[in-house]
Amino acid sequence: MTKQRLYPYPRIAAKNLEWGEWMLKINGNLVAEDLLADEWDANSELILGISVQAERDSISDLGVDSPKLALTATCPSTAYADYADSAFLLDQGSMKATVGLKVVGGDVSQLLLVQPEIIGVDRAEQWLDRRILAKGPSLRIPLDTELDGFPTSSYSFDQRGLPEAPWRLIISADELEATFAHSVRLELNEDYASVRKLIKGNPDPHLARELDAAIVRVLIATASRLSTGSNEGRSPDDVAGEFPDSIAAAAKRASEQYLQLSLSAAVRSYRLTPEKHEYEVATGTRLLKD
């Protein structure tokens, strides 16, 4: 059954909005999203920006005053949050707004979450005079080179009678829409000296890249398995876009960050040419390259 979100007030239809590309700058220099982690450090200054164009009637018909494009950035690791907004300007029958937000490197760590939203004020509605009219494409920026965002535990595999391996990934999801953080668990084997260094936060470079590769493989394989069921004609990328906290969205981020592929393309490569897929994973994660 298709999941549908309902709201207690009118919102702008997605078809009436045209979102621009993300603009990312570090210390004044433009940088691609997948290379940002390599350029970022605690002394850097990050500028985030995005624009949106909307049909004039799609906003005015909602009865709101002074619509704005808002941008919010949060960091779960440091409890950082900041916000900026910009007014819409009339542009030949349509309305357009551009917003930018500065983030100081020392204020964030590990992960930065960015969400653009169109907000409006409706003075006739006393119970909800300020509300979100639409949400734009969210941005999840890893500030290190490892995938994160799911529970991790460490223990001795030998003491628990498990086969010897540096780690194992446990997947409990039964649908692509399943919440990522609740569906994946990483278990690290403390019997390995190299893994103990990883746990302490100073892993050998080749080990960290091998872990990245293992996570990418599992996420793509899981997306392939779960997408073989009934998704009502939706592609894995469609599911990822509709459910930004899902395991599909995590697999999509891994595909784009490491393989430079859409999730659907990565799944096809995994199914049809597994040897090519393995080469793509090794290339994207810079496997064993110190």
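As the structure is a computational prediction, the values presented were derived from the model and not from experiment.
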Undergrad: With Glu18, which residues qualify under salt bridge (Lys or Arg N to Asp or Glu O under 4.0 Å), at least two apart?
TA: none
Undergrad: Can you list everything that forms a side chain to side chain contact (heavy atoms under 4.5 Å, CB included) with Ser269? Sequence neighbours excluded, please.
TA: Thr273, Lys276, His277, Glu280
Undergrad: From Cys75 SG over to Asp107 CG, what is the distance, rounded to the nearest 0.5 angstrom?
TA: 9.0 Å
Undergrad: Please find the pair of heavy atoms, one from Ala54 and one from Leu17, that lie closest to each other, and give the distance.
TA: CB-CD2, 3.5 Å
Undergrad: Does a side-chain heavy-atom distance below 4.5 Å link Gln53 with Met95?
TA: no
Undergrad: Without hydrogens or angle criteria, can the side chains of Thr179 and Asp245 be said to hold a donor-acceptor pair below 3.5 Å?
TA: no
Undergrad: Where is the tightest heavy-atom contact between Glu177 and Phe243, given as atom of each residue plus distance?
TA: CG-CE1, 3.2 Å
Undergrad: Apply side chain to side chain contact (heavy atoms under 4.5 Å, CB included) to Ala87 and list each qualifying residue two or more places apart in sequence or on a separate chain.
TA: none
Undergrad: Starting at CD of Glu21, measure out to CD1 of Ile50 and round the result to the nearest 0.5 Å.
TA: 8.5 Å
Undergrad: Quick one: list whatever passes side chain to side chain contact (heavy atoms under 4.5 Å, CB included) with Asp238, sequence neighbours left out.
TA: Arg234, Ser235
Undergrad: With sequence neighbours left out, write down each residue that passes ring-ring contact (aromatic ring centres under 6.0 Å, His included) with Tyr279, or none if nothing qualifies.
TA: none
Undergrad: Under 3.5 Å, side-chain donor or acceptor atoms of residues 159-170 against the rest of the protein: list the pairs with distances, not counting sequence neighbours.
TA:
residue: Arg168; atom: NE; partner: Glu187; partner atom: OE1; Å: 2.7
residue: Arg168; atom: NH2; partner: Glu187; partner atom: OE1; Å: 3.2

Undergrad: Looking at Ala73 and Leu101, what are the two nearest heavy atoms and their distance?
TA: CB-CD2, 3.6 Å
Undergrad: Search all heavy atoms of Val281 against all heavy atoms of Thr285 and return the closest pair with its distance.
TA: O-OG1, 2.7 Å
Undergrad: How long is the gap from NZ on Lys68 to CG on Leu133, to the nearest 0.5 Å?
TA: 13.0 Å
Undergrad: Would you mind reporting whether Val184 and Ile247 have side-chain heavy atoms less than 4.5 Å apart?
TA: yes
Undergrad: Any chance you could lay out the side-chain contact (heavy atoms from CB on, under 4.5 Å) test for Leu139 and Leu113, step after step, and finish with the verdict?
TA: CA-CA 6 Å; Leu139 189 61; Leu113 304 174; over 6 Å; no
Undergrad: Test side-chain contact (heavy atoms from CB on, under 4.5 Å) on Met23 and Ile47; report intermediate values, then the result.
TA: CA-CA 8 Å; Met23 185 276 295; Ile47 302 293; 4.0 Å; yes
Undergrad: Which heavy atom in Ala208 sits nearest to a heavy atom in Pro203, and how many Å separate them?
TA: CB-CG, 4.2 Å
Undergrad: Start with the C-alpha distance between Leu186 and Leu211, add both sets of side-chain angles, then the distance that settles side-chain contact (heavy atoms from CB on, under 4.5 Å), and finish with yes or no.
TA: CA-CA 10 Å; Leu186 172 64; Leu211 178 56; 4.1 Å; yes
Undergrad: For Asp204, enumerate each residue passing the salt bridge (Lys or Arg N to Asp or Glu O under 4.0 Å) test, keeping only those at least two apart in sequence or located in another chain.
TA: Lys197
Undergrad: To the nearest 0.5 Å, tell me how far Leu226 CG sits from Ser246 OG.
TA: 10.5 Å
Undergrad: Taking salt bridge (Lys or Arg N to Asp or Glu O under 4.0 Å) as the definition, give me every residue that meets it alongside Glu190, ordered by chain and number, with sequence neighbours left out.
TA: none
Undergrad: Test Arg271 against Ser227 for side-chain contact (heavy atoms from CB on, under 4.5 Å), laying out the working first.
TA: CA-CA 12 Å; Arg271 291 175 180 172; Ser227 64; 2.7 Å; yes
Undergrad: If you measure from CD on Glu175 to OG on Ser183, what distance do you get to the nearest 0.5 Å?
TA: 8.5 Å
Undergrad: Is any side-chain heavy atom of Ser51 closer than 4.5 Å to a side-chain heavy atom of Trp19?
TA: no
Undergrad: Could you list the residues that satisfy side-chain hydrogen bond (donor to acceptor under 3.5 Å, both in side chains) with Asp191, not counting sequence neighbours?
TA: Ser156
Undergrad: Counting N and O atoms only, with roles assigned by atom type, does the side chain of Asn27 sit under 3.5 Å from a partner on the main chain of Glu45, one being a donor and the other an acceptor?
TA: yes
Undergrad: Only one of Leu71, Val99, Asp82 forms a side-chain contact (heavy atoms from CB on, under 4.5 Å) with Leu48, so which one is it?
TA: Leu71
Undergrad: Do Leu219 and Phe180 have side chains that approach each other closer than 4.5 Å (heavy atoms only, starting at C-beta)?
TA: yes
Undergrad: Do other residues, nucleotides or ligands put more than 12 heavy atoms under 6.0 Å from Phe157 CZ?
TA: yes
Undergrad: Report yes or no: does Ser224 contribute a side-chain atom to a donor-acceptor pair with the main-chain N or O of Ile220 at less than 3.5 Å?
TA: no
Undergrad: Partners of Tyr192 by ring-ring contact (aromatic ring centres under 6.0 Å, His included), sequence neighbours excluded?
TA: none
Undergrad: Given side chains that start at C-beta, do those of Phe88 and Leu69 come closer than 4.5 Å, heavy atoms only?
TA: yes
Undergrad: Compare all side-chain heavy atoms of Asp237 with those of Val239 and state whether any distance is below 4.5 angstrom.
TA: no
Undergrad: Counting N and O atoms only, with roles assigned by atom type, does the side chain of Glu117 sit under 3.5 Å from a partner on the main chain of Gly136, one being a donor and the other an acceptor?
TA: no
Undergrad: Closest approach of Val216 and Ala254, non-hydrogen atoms and distance?
TA: CG2-CB, 4.3 Å
Undergrad: Applying side chain to side chain contact (heavy atoms under 4.5 Å, CB included), can you list everything that pairs with Leu89, at least two apart in sequence or on another chain?
TA: none
Undergrad: When rounded to the nearest 0.5 angstrom, what is the spacing between OG1 in Thr222 and OH in Tyr270?
TA: 8.0 Å
Undergrad: Tell me which pairs pass salt bridge (Lys or Arg N to Asp or Glu O under 4.0 Å) where either residue lies in residues 214-223, with sequence neighbours left out.
TA: Glu210-Arg217, Arg217-Glu278
